[in-house]
Amino acid sequence: MTEKEVIDAIKYMQEYQTETDKLEAKTAEKGCPQKCYDTISAFANKYGGIIIFGINEHNNFIEQDVYDVNDLQKQITALCTTSLEPKIRPEFLVITYNDKRLLAVQINELPQKKKPCYYKNVGINKGSYIRIGDSDEHMTDYEIYSLQSYIDGIEEDLRPIKRAEFEDLNQEKISNYLINIKKDKPNLSKFSDEKILKLNGIIENSTGKIRPTLAGMMVFGEYPQGYLPQLFIACVVVPGRKLGDIGEMGQRFDDNKRVEGTIEEMLEESLSFVRKNIPARVIIDDNGKREDVPIYPMKALREAIANALIHRDYSSNTEGAYIYLRIFDDRIEILNPGDLYGNNRLENLGTDNMLEVRNNTIIRLLEETTDIVENRHTGIATMRDQMKKMNLPEPEFETLRGTFKVTFRKEKQETVAQNITENCTDNFTENCTDNFTENCTDNEMKLLELLKVNSNITQVELSNKLNVSRRTISTLLANLKEKGKIERVGSDRKGYWNILK
């Protein structure tokens, strides 16, 4: 952390009137703020960040003198070392900016195996925070469990399925597996079939009763959903660009299917669903031979669906959550339960950095029995390459607090944003009273168009589409309400936006 970095951060907050996921402003004119532990915990549990004391976020982020930089450092140090677990070692930098004395405090991200950092006075469940956008949010029970299970090395795919029996596995597949594994690994031949299956994580008999493991059931099961009913893929085709759009016949979905079976069976059946429901281009080669080519690359979609099935969280905490495959007019989304595992980061996906994997036994069994993971560690690169070959935007990867999402789009978001900008004036002058858009900024015009298209759109979605912070969206909405352009009908959670004409 340098003085230039701190000054640049202040200028950013003042220009855009917002904090970020790595930047927090706090006043300290009359003393140390009473509540700092939430931000320190949130930064330590996410990607780290800088807190700048002496900036008033409630008054255009203007500078204000810190009451006493030496005492403030002592207070923050005491908080980090005595009230937080594990202890945090903050870094301090005192600067003078526009004749105001400010204190910048850098909080580094904790190593994954030391998380979560929490406020001891209220305990780990209520005192653990995580940074989401520009706010500090309580960590969910699932987020805390994910960290602790990683630290403890819990292998969820090895847990036994309590009600299931050995006969619930496909016996023909098990026999073929044993034959092939003995050929490939001669050292296993000296063991009984039961021990081989146990050593390879397919069955478990610690209680004296042989039961399939989750990995065994998802790879060899006759009907896994008989015991794990929510481990399926919900495939839907939406007649529009957002959930809730209604088709010409009043239908909410043009197609809707619950895909069940083993991992291999679900992969193939969901791919068939996609082929059936996406348009295809007709290609005629030099010999006059016709070929129907789907508008999305099937190899990329295969990798994404396989990744969702293989790397989803199979813990009891997510046992009730299913994989979601949604086909919209402008994109395909695949969502699976589970955050990125361990030290994995979005920016490292598809790079040469080795990634940690959640379900080692499932992966190994699929390697030994199928071709699903033949592109191991190259799946993301394959998706990107396939989309590029078809002149389509790169796939988008997001983590949504307990869910991992992959999006394949027909066109670039920049193009969508440009279309919104170009069409705003025409659309509103066509349908609204004269001078309706007078005195509106460009961003307010874009926001009005988005509200017109989807009156139920959330502030998070608006933030993503306009590429601005949620605080900026809140300001834009407040401005439009003050100008008499929009009103909120109903509650914040269940209401909608009404454009006043």
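Remember, predicted model here, so these are calculated numbers, not experimental data.
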Enquirer: Distance check, rounded to the nearest 0.5 Å: T27 atom OG1 versus N59 atom CG?
Expert: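 Result: 10.5 Å between the selected atoms.
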Enquirer: To the closest 0.5 Å, what do you measure between CZ (F273) and CD1 (I327)?
Expert: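 Going from the CZ atom of F273 to the CD1 atom of I327 covers 5.0 Å.
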Enquirer: So does D99 have more than 12 non-hydrogen atoms from other groups sitting under 6.0 Å from CG?
Expert: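 For D99, atom CG is not crowded (no more than 12 foreign heavy atoms under 6.0 Å).
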Enquirer: Does K242 pair with D245 as a salt bridge, N-O distance under 4.0 Å?
Expert: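 Salt bridge present between K242 and D245.
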Enquirer: Please work out whether the ring planes of Y324 and Y322 are parallel, tilted or perpendicular, with thresholds of 30° and 60°.
Expert: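 Answer is perpendicular, since the angle exceeds 60°.
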Enquirer: So, K26 and E24, do they make that salt bridge, N to O below 4.0 Å?
Expert: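 A salt bridge links K26 with E24.
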Enquirer: Any ion pair linking K446 and E449 (charged N to carboxylate O, less than 4.0 Å)?
Expert: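 No, no charged N to carboxylate O under 4.0 Å.
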Enquirer: Taking R241's backbone N and O only, do any of them form a donor-acceptor pair with D329's side chain (distance below 3.5 Å, no angle check)?
Expert: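 A pair under 3.5 Å: no.
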Enquirer: Just checking, R258 and F232: is the charged tip under 6.0 Å from the six-membered ring centre and within 45° of the axis?
Expert: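 Relative to the ring axis of F232, which defines the angle, R258 lies inside both limits.
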Enquirer: Measuring only between side-chain heavy atoms, which start at C-beta, is F53 closer than 4.5 Å to C36?
Expert: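 Of all side-chain heavy-atom pairs linking C36 with F53, at least one is under 4.5 Å.
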Enquirer: Look up atom CG in N443 and atom CG in L476, then write down how far apart they are to the nearest 0.5 Å.
Expert: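 Atom-to-atom, N443:CG and L476:CG are 5.5 Å apart.
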Enquirer: Within a 6.0 Å radius of atom CD on E347, are there more than 12 heavy atoms belonging to other residues, nucleotides or ligands?
Expert: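 More than 12 within 6.0 Å, yes.
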Enquirer: Strictly below 4.0 Å, N to O, side chains only: are E137 and R131 in salt-bridge contact?
Expert: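 Looking at E137 and R131, the cut-off is not met.
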Enquirer: Flag the pair D157 / M218 as yes when at least one side-chain heavy-atom distance between them is below 4.5 Å, and no otherwise.
Expert: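 They are not in contact (no side-chain heavy atoms under 4.5 Å apart), so the answer is no.
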Enquirer: Counting the benzene-type ring for Trp, do Y341 and H311 have ring centres under 6.0 Å apart?
Expert: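 No.
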Enquirer: What I want to find out is whether R401 reaches E143 closely enough, with some N-O distance under 4.0 Å, to be called a salt bridge.
Expert: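 Looking at E143 together with R401, the answer is yes, because their closest N to O distance falls below 4.0 Å.
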Enquirer: Inspect the contact between K405 and E333 and indicate whether a charged nitrogen and a carboxylate oxygen are less than 4.0 angstrom apart.
Expert: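 Yes, charged N to carboxylate O under 4.0 Å.
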Enquirer: For the NZ atom on K120, are there more than 12 heavy atoms of other groups (residues, nucleotides or ligands in this structure) within a distance under 6.0 Å?
Expert: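 Yes.
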Enquirer: So, do K299 and K389 sit near enough that their side-chain heavy atoms are less than 4.5 Å apart?
Expert: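 No, side chains not in contact.
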Enquirer: Does K388 pair with E394 as a salt bridge, N-O distance under 4.0 Å?
Expert: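 No, K388 and E394 are not salt-bridged.
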